[in-house]
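These values consider heavy atoms only, across backbone and side chains, with no hydrogens, waters or symmetry-generated copies.
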Amino acid sequence: MRHGNRRLDVVLILGAVALTLLPWYRIEGGLFGLGWLAGFPISPEAAPGLVQIFAHGRLWLAAALVLLLLAVAARGMADPMRRGAVLAWTGAIGVLFLSLQGLAIGFSGWNWTVSDTLFGPLSNGQPAMGAGAVLSSITFVLLFAFGLAERGVMKGDAFVVSAIALLVFLVAVFVFYPIGSMFVGSVQDFDGSFNADNFIRNIQDPSIWSLNCVIGAGRCGVAWRTLWLAIMTGLGSTLLGLAFALVATRTRFPFKKGLRLLTILPIITPPFVIGLALTLLFGRAGVVTQGLSQLFGLEPGRWLYGLTGIWIAQVLSFTPISFLVLIGVVEGVSPSMEEASTTLRADRWRTFRRVSLPLMKPGLANAFLIGFIESMADFGNPLVLGGSHGVLSTEIFFAVVGSQNDPSRAAVLAMVLLAFTLSAFLAQRVWLSGKNFATVTGKGDSGSHIALPRGLSIGVHALVIPWILFTLVIYGMILIGGFVKTWGLDNSLTLDHYAKAFSISFENGIAWTGVAWNSFWTTMEIALISAPLTAAVGLLTAYIIVRQKFAGKNAFEFALMMSFAIPGTVIGVSYIMAFNLSPLEMTGSALILIACFVFRNMPVGVRGGIAAMSQLDKSLDEASLTLRANSFRTIRKVILPLLRPAITAALVYSFVRAITSISAVIFLVSAEYNMATSYIVGLVENGEYGVAIAYSSMLIVVMITVIAGVQLIVGERRLRRENRVAGLATSASSRQEKIA
């Protein structure tokens, strides 16, 4: 009871701080700039909510004050059920009210015509929500959660109920609200009024849906072009990923460690760098193109600039992700099932086709889905290699920032892109639902996997070895390209590109004079902030999914994983449409980039946490709870120390993705907060390939250093554990010898 009151007191204090000590509305220059202190608490721009109500005529905010006072009154109620009901209703109404007033009232008054009709015109509008309004919203969410806990929901565990409520609230704000804003934006005019004409015009645009290519009369519409490219990329990356996994686990390939290392490189490479390297090889001034021209007199062609070049770049980029998905699946196929098949006189081909391959279906489906969605969302490679063959992601970009300046068209194209990816996501779930592919049980499973059929072994080697050599050549071009003056024109070696990007002056202290330093430090700052937040949100979600049972759990998990199926391009467009105006105006700030990375990359942390937490016996939690530890203490003292590898994986992945992401970032960067990938795209557009490759090489080195450092730490921890076990075994055996 006392703990519950203490938690409630803290939340009520936060609500009071939100209304009396923080600016209610957004501050130009940011809260931490502290420039608002000069006008606090009197000026309309910096005044807290209480002053806004009584001094500046924003009387509608009085509802938040009344609801908070009602929660304070509920604290003194003796009956926990009644107190819980009042707190829950107060919190729910508070969140609903703050959301509606933020959407309904803009800078110049009512945003909705119906509000103007019902309540009359407003003499005073309001800017976007600031620190006070946001903290007040969180206060009401927590009051709602504490009220449910008081009424016995989740066995009265306030921490678990609060975690679920906050996660649902955050996902609603940063995933579903932007997507909804994008749908609304597709039927809005430039002044915000409803106008379906633009939507109808864009959705019927022949350039999107044309099927002339099928009848040989022209080029396909951008939608079918993108869909075809995504299907081919998904198939190509899945096939190659499976070949790599089979070579790494079922053959005597001598360079297996190098093979695994090679598959990591494209993951830590900025997405358009492979397109650049292909240009250096096969472009009109490329090494291979010029070599063939000189040897055979062939005129340099432009075959690379189109769907073929994009497909090659995407398969190179996404095959490693398919490999990482499939290698665990291939290793997880039970050897005893394969041995049972061979015992029944099935040959190796029949065993692989009828036993091994069907058990790999979940991995193959996941690998194809990842390749499909990544291809749909890819922006860098189509921008570099697409030429006149645009795809949905580049068309969306040019509709937003190009000469078209047509937000409605961008929204319609993003909706088409979202429809494709969600259809693939749902089709995969339907295909795998109701089927059991488990092969690892609590019983011992001895034996080794059977060798691959000879023909299949030759086939996978014939795929993998040339692809390895091709990948090595690609990365060799990336390395060399930064040291060549002008590729194809002047191939003399130089350090000018690195000097231009990363020069340092020591005249009056250290001065970061290179053109890349500003975006580099911004990228590191954003990545270091977003990575731990992503890991925390992902692992907390995994704990709730694995360890808790509650109504709507499947819908909760699906909603959280939905952001994985939403391409980055759609996220970028929807964030621009949602957060460019009130109630939450974040465009051009670091906060919008951090929010984008956290909720874009969260599903990976969730899946990794679920996989790791599923291996921890529930008796560990139960023992802690039996000893009267609450859920928060159990997580902190028991669960987290056992999840260090999963935490490490989530941190590394989040850090790498924050550095290499481009499809969403390209829409959200600003002059003050420019990310590395966006800056490199600008270099490519200006034809500064040498500086772009030098910058990309620096990012690759940074990420390899971080990953190697983390792996070293994790490796040492495992070694100490093994040595300790070995030491215990040795001491035990010596004691047995003495007794004997």
Side-chain angles (χ1 to χ4, degrees), residues 179 182-183 186 198-239 271-272 275 302-318 322 365 367-400 402 404 406-428 430-431 565-574 663:
I179 297 299
M182 183 185 69
F183 279 87
S186 66
N198 289 331
F199 175 82
I200 295 171
R201 172 177 56 83
N202 285 307
I203 202 68
Q204 294 178 343
D205 188 350
S207 67
I208 299 177
W209 302 109
S210 172
L211 286 171
N212 286 339
C213 57
V214 176
I215 58 176
R219 203 188 320 179
C220 269
V222 66
W224 304 123
R225 200 157 59 234
T226 306
L227 179 62
W228 171 250
L229 176 65
I231 292 172
M232 294 307 297
T233 298
L235 291 174
S237 60
T238 302
L239 178 63
F272 43 81
R302 298 184 58 84
W303 65 270
L304 182 69
Y305 304 104
L307 292 186
T308 303
I310 300 173
W311 179 76
I312 294 172
Q314 289 184 344
V315 172
L316 268 169
S317 301
F318 307 140
S322 297
F368 175 82
L369 180 65
I370 290 172
F372 182 91
I373 292 176
E374 292 284 359
S375 173
M376 280 276 180
D378 187 24
F379 173 80
N381 290 316
L383 184 68
V384 174
L385 298 172
S388 60
H389 297 265
V391 294
L392 283 171
S393 59
T394 53
E395 291 293 315
I396 292 169
F397 175 73
F398 290 123
V400 173
Q404 300 176 38
D406 190 350
S408 178
R409 178 176 173 80
V412 169
L413 291 172
M415 289 164 61
V416 173
L417 187 58
L418 183 61
F420 284 150
T421 56
L422 288 183
S423 298
F425 187 66
L426 293 173
Q428 186 231 27
V430 170
W431 185 50
I566 300 175
T569 310
V570 177
I571 291 286
V573 172
S574 63
S663 55

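Listed here is the closest heavy atom pair of Leu418 and Pro567: CD1-CD, 4.4 Å. Among all heavy-atom pairs drawn from Ala313 and Leu385, the shortest one is CB-CD1, 3.8 Å. Contact record, Ser393 with Met376: CB-O, 4.1 Å, taken as the closest heavy-atom pair. Residue Thr394 comes nearest to Pro382 through the heavy atom pair CG2-CB, 3.7 Å, listed as atom of the first residue, atom of the second, then distance. What you find for Ser663 and Ala377 is that their closest heavy atoms are CB-O, 3.1 Å. In this structure, Gly390 and Val222 approach most closely via the heavy-atom pair O-CG2, 3.5 Å.
Exactly one residue among Leu413, Thr226, Ile203 makes a side-chain contact (heavy atoms from CB on, under 4.5 Å) with Ile208. That residue is Leu413.
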Practice problem: Begin from the C-alpha positions of Glu374 and Gln314 and carry the test side-chain contact (heavy atoms from CB on, under 4.5 Å) through to its verdict. | Solution: CA-CA 8 Å; Glu374 292 284 359; Gln314 289 184 344; over 6 Å; no
Exercise. Let me see the working for Phe199 and Val412 under side-chain contact (heavy atoms from CB on, under 4.5 Å), right down to the final yes or no.
Key: CA-CA 7 Å; Phe199 175 82; Val412 169; 3.6 Å; yes
Practice problem: Give the C-alpha distance, both sets of side-chain angles, the deciding distance and a yes or no for side-chain contact (heavy atoms from CB on, under 4.5 Å) between Ile373 and Leu369. | Solution: CA-CA 6 Å; Ile373 292 176; Leu369 180 65; 3.7 Å; yes
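Using the six-membered ring where Trp is involved, Trp224 and Phe420 have ring planes that are tilted, between 30° and 60° apart.
The OG atom of Ser317 sits 11.5 Å away from the CD1 atom of Ile310 when rounded to the nearest 0.5 Å. If you take CD1 on Ile566 and CD1 on Ile179, they are separated by 4.0 Å, rounding to the nearest 0.5 Å. Note that the OG1 atom of Thr233 and the CD1 atom of Ile370 stand 14.0 Å from one another [nearest 0.5 Å]. If you take CG on Leu307 and CE on Met232, they are separated by 11.0 Å, rounding to the nearest 0.5 Å. To the nearest 0.5 Å, atom CZ of residue Phe372 and atom CZ of residue Phe318 are 12.5 Å apart. Rounded to the nearest 0.5 angstrom, Cys220 SG and Leu229 CG are separated by 12.0 Å.
With hydrogens and angles disregarded, a donor-acceptor distance shorter than 3.5 Å links the side chain of Ser423 to the backbone of Ala419. Remark: side-chain polar atoms of Ser408 are paired, donor with acceptor, to backbone N or O of Ser186 under 3.5 angstrom.
Contact check for Val416 versus Trp209: side-chain heavy atoms found under the 4.5 Å cut-off. Counting heavy atoms from C-beta on, the side chains of Thr569 and Leu392 never come closer than 4.5 Å.
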